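A short write-up of the structure that comes next.
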Amino acid sequence: MSIVGDLIARNHERLSGFPAPLLQHYEAGLRALQPRLTASQLQIWSETGVELTSLSLRSWEAAVEYFKAGAQLPETMTWDAIENLGRESVTMAGESAPLAVSFLRSAPAALKAVGPSHVRQWADLGRRLYKGNWKSSSLAAQFYDLGPALFEVMRMSQAARLVLFIDELSRHSYELASACMASAPAVMKKLDEDDRLPFLGFAVELAQSSWADSRLYFERGAALLQKVHAPLRERFVLLSAQVARGHNRSAFQYFEEAAEALAELEPDEHNQVIELAEQLAPYSPFAAMDFVTSVPRVLTRIRVDELEPWHAAGLKILMASHDGGEAYFRLQSTRGEDILDTLSARVELSKVGEILRLYCKALTGKNLSVQTTGSLAEKGIGWVDEHRSSTEGTTIFLPELMEKYAEKDENFASMKVFATHQAAHIEFGSFEFAWDRPGNLLGNSRESYALPAGVSATTDMERFFDLFPDRQLASDLYTIVEDSRIDGAIKREYGGIRRPLGRMQAAELVNRPDVRQMPLRQAFVENLVRASLDSLDSVRWPKERAETMGQALGLLREVGVPQAIVEDAAEVTMRLYQLAIAIPNVFENADIDWDSVEPMEPGQGGQMAPGEQGGEGGSPQMGDVGEGDQEYQSPQEVDFRGDFKPELVQLLMKLKQDAQGGDAGQMSPVPLTPEQLAELLEKSVEINLDSLMEGDLDASTGMFMSNLMKEAGQQTKDQSQKGDPTTDSSTGEEPGEEPLMPIVTVYYYDEWDFRAQDYKPRWCAVKESKLEQGEEGFYENALREHAGLVAQTRKQFELMKPEMFRKIKKLPDGEDFDLDAAIEWMIERRAGANPSDKIYWRRNKIDRDVAVAFLIDMSASTDEEINKREKKYDDDDYDDDPRKYLSWWVSKRRQELTSPPKRIIDLEKESTVLLMTALETIGDQYGIYGFSGYGRDNVEFFVIKDFDEHLDQPIKNRLDKITPIRSTRMGPAIRHATHKLQLTDAKVKILFLLSDGRPQDHGYGRDRTEKEYAIHDTKQALNEAKREGITPFALTVDRAGHDYLKTMCEDMGYEVVADIESLPSRLPTLYRRLTE
Amino acid sequence: MVETATRNDPNIYAVEEYSVQVEPYYLPIADEVALFETAYKERIPVLLKGPTGAGKTRFVEYMAYRLGRPITKVSDRTGESAEHRMPLITVACHEDLTASDLVGRYLLDINGTRWVDGPLTRAVKVGAICYLDEVVEARKDTTVLIHPLTDYRRLLPIEKLGQVVEATDGFLLVISYNPGYQSALKDLKHSTRQRFIAIEFGYPPRDQEAKIIVHEAGCSLEQATDLAKLGEKVRNLREHGLGEGVSTRLLVYAGRLMASGIAPRRACQVAITWALTDDVEVQRSIEEVVTSIFE
């Protein structure tokens, strides 16, 4: 009998008590193993299986899997491994039969993948997850179940790391651990072999510090990691892990942002970035990660080679203060901003716009504004180029940034040349072309020409261009001539700009195309461009045609003299056009000789007089394009001169005039009809409607026209309303009436970060608007209610009213003798003593010159009812007797209906009313403002009464609208009130802050519970006010106010009004004491 | 004591004895010279309006010199040619200037008190031109004096002495006032201003200003023209960041620095940019205008 039969027979009895499959699998396993194992080994194998059945009630199931596995064990598995498997199974089944089932079920495939020698390690890993309860058991089972899939993609060492992670995670959440486990094979598959261990290493750290993010990490981490240059991934993950080790909740966020940032960089830049980050990590891993995250944004402002100095400066700050350095690398510090600015060679219009605006204003004497070229293109009024500078007569449009040169100064200089050229168009009257004004030099030959029949012109510029059959050519020539005139004037008037302008001209010449490659007429125009760039030597022209070119160059020279005005440029254009149109636009023979040309004096060499070329019907005409010409192409643009659109500018000016004329109700010139406008658009070569928008031409014309009209209309309003340029809603309001929508003006303020000991630049947006009007009668009611108090306060304040003059005695000099002192002087003198010569008196004028800004907290907490505390005692009244309670409730309701309970804000309002009457008595300047808001982008600042407003009915009505709104971000509100106070010219300035509690707001501190940040910022804001010579005073009705007010107002005045009801009488008293 | 000083030191004068002896340089822009001469002839008080540094004070000095020029030179008994001179008394008004500062006061003496005439009283007595510079700055009680002096009465009441002094024939009151301050408090009352004819002083046109600069600073005409141009441009910035435009005086200072060899850009920086404003942004803008004009 074979050993198999023998063993079966021997074990039959012990196994037959279990369901049939057990025996079947035993037999099958035995047979499969027989060729590989010796008899004794087979016996041990069998014994192990039998032992499994006996361990617990359901351990026979493990035995089934054990036997089943026997048939599937990988060929390479040695007896040792098989024996280990058995032993592990027994141990495991002893603890948990289902676990052993999972283990054994996956074993063949798993061991095949990972190598049979790892049996014990694998078993250990699973057991590590098993904590004796069912959740852990199923997790461990899941691990075994996934064995085959896992080992397909990872090695045992990596699996060990995975288990470490899952185990850590399972302490917090089995569900999450299980989910991560389930996704592990897929995640691992996505990762490169080398990245898996580091990836899991970070996972472990994450599980410890912010386990909730683990799922996100598992879902997205692999893809994020792929964004990092492969050889650096491990170092990157190590950096991230350091953040996690600091028990930071947002480690994953750091990781994610940094990875995304690296994705924006070139892979070969990653090394430097990571290296620099690693230098920061010992001081603060957060700073290191922030650094990585910030690099792409920083690199938009500085060059790669400047990254290191920027980093070094930050490192220095970081070494001194962690918070300072972190803010620096988060790009949230003013110091950081300054350093970036210094390092950056780039010039941003947003930074220099105001300087250039004043500069252009100085040059032209006009109120110009400066905007980006992009904003001009957006308007859709004919300008399409988003990069070239231009002007439409009232605004100068400049590129958003300039970074062409390595030096900041040079970049600024070129921006300035751009600005100067555009300003010069305005200063030297490029847009003031008048049809019937003769040129200073060349008179007026325009009128002798016949205008084409059937065209009507709206503007003089349009009429001028109507003269030319080839309008494009005329426009190009005119641009060259006029720009040449302007550049000439600039060089003459502004000696200092000659050099940078010359540099830009030279740079322009390098990029100009070769004239010899052009058809003749284009070459002619190109030569004129070159001449206009002060480079006569680069003019090349066929020798036998030299005379035409010479004449043209001579003509161009005409506009270079000081007397030349825009009409002269027009005259020159006409003559040049006649010359140009006579030149065929064909390519010259290749063998022709191109030579330089000398300009001829005008009138030299048989130059034709204007109008010589006769047209039919007596009046001369401008020539038209000849037969067989190449299609004419405009010359390449001259970059620094920008986009010159005189026709469009004149049209806009006319439209604006119409709009203005209509407003003022004066005799307005005949307004443009849409037909005229459409005609102009069709004719003009300055507007390329096709490129404006694609599609239906009619629709785009219509759109364009409405844009133009809007522009013209809006402009006039902007000019009449001299306000802050950031006013973002313009309503066509009638003077004296409140607008329907409040006008919101946005101001930006820095915020103090006490940790970094630095300001966060332009951190808070304060939105100032007038508080809307409430119902009438509030003001009067409040006065009536406190009638007694009003009379009393008024009297007190009247006493304060200063006497205009006060006699000051004992002065060394004054209006007259102080008789007493003079007599004393005489006596002492006679007595031989040395008397004091202070014997005069003088009347000194006492000016009471006080401005006060009241800042009222309109946060939601002011909604609290005042008698809430008392209510607690009331509660006891009904003694749990429902009837009593009901009657109490009813009476309370009734009371509320007849007179609603007073809230803190109501008292704040009433006190304000009282104070206002007091202030009116005494004649101090005052402003009343409320503030609230949510988050740093939305600090609402309500004007109830501005300094320059008089107390009238609308303002009284506004008082009614003071209501609790949202949070209390005090810092920016104080800064804005300070700004308002600075605008007044009073000698004594007071900032009076009326609040009901500590400052708090979303993002006003590290988290919601942190109080220090907000308090420090507020304190800093108060300090700033003090530095400006303002006396701040804080009044709070918060009983707990003492603790933080002490910090906040250290050496400033503050008071806590414990008894809120006394506020109306307390406020005026306090104010009086403050200013006496 | 004052009198003795006058005799010993040729550089010290009693207030009423000071007169302009060397012709001050003044370039007339319009008909202001003729106007003033006529006003003087008719004894109509004159109000000079204009921004600081526009040449108001210089104009008064020039006019004093002109009016003091003898029509014919008369030899006195000693045989020396005695020039008739027009005394000029200038008082810079300030916030604490009271009526008694102008009229006079008692001073203590060994033997008691002694009355001393103030500058206005002296001017009234000797028949001088009395120039009250920046008159709005002075205390309001000065109007008590100005009013009777500026109408047909031509009287100066001296309250403390109980006297009234009739103005000598040559006396004329000239005041100046800078409307640019634009402070409601510092405005001239109508009852006061309607006693004067007003001559407006603006900044001179570019060419004229350049001439003035050349004369005063001794720099080249080219530099002076550029400075005048700069002045014109910077004045465009008035209201916007600058309280007042750059005065001719400052341009002259810059010109002098240039004439002494200071680089033009630097000269403009110290004499104009920094002198005008503390606002960094406006400074920067002016600087840009400077660098555009000067190489």
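Model, not experiment: these values are computed from the prediction. Here is the naming used below: chain letters follow the sequence lines, and residue numbers restart at 1 for every chain.
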Pick from E427(A), M826(A), K416(A): which one has the most heavy-atom pairs with chain B under 4.5 Å? K416(A)
Contact part of T98(B) toward chain A, heavy-atom cut-off under 4.5 Å: side chain, backbone, both or neither? side chain
Chain B shares the most heavy-atom pairs under 4.5 Å, among V417(A), I355(A), I497(A), with I355(A)
Can you check whether F947(A) and Y926(A) have ring centres sitting under 6.0 Å from each other? no
Aromatic rings F817(A) and Y106(B): how do their planes relate, parallel, tilted or perpendicular, breaks at 30° and 60°? parallel
With a 4.5 angstrom heavy-atom cut-off, is it the side chain or the backbone of S285(B) that approaches chain A, or both, or neither? both
For F294(B), is it the side chain, the backbone, both, or neither that has a heavy atom closer than 4.5 Å to a heavy atom of chain A? backbone
Check this for me: E281(B), atom CD, are more than 12 non-hydrogen atoms of other residues, nucleotides or ligands nearer than 6.0 Å? yes
Bottom line for R284(B): the part with an atom under 4.5 Å from chain A's heavy atoms is both
Would you find a donor on one side and an acceptor on the other, under 3.5 Å apart, between the side chain of R122(B) and the backbone of D117(B)? yes
Of the backbone (N, CA, C, O) and the side chain (C-beta and beyond), which part of I839(A) lies under 4.5 Å from a heavy atom of chain B, both, or neither? side chain
Check: T121(B) side chain, V103(B) main-chain N or O, donor-acceptor pair, under 3.5 Å: yes
Exercise: do R249(B) and T52(B) side chains pair donor with acceptor under 3.5 Å: yes
Against chain A, work out which of R235(B), E295(B), E288(B) has the most heavy-atom pairs shorter than 4.5 Å and name it. E288(B)
Kindly say whether V347(A) contributes a backbone atom to a donor-acceptor pair with the side chain of K408(A) at under 3.5 angstrom? no
Less than 4.5 Å to any heavy atom of chain A: does that hold for the side chain of L230(B), its backbone, both, or neither? neither
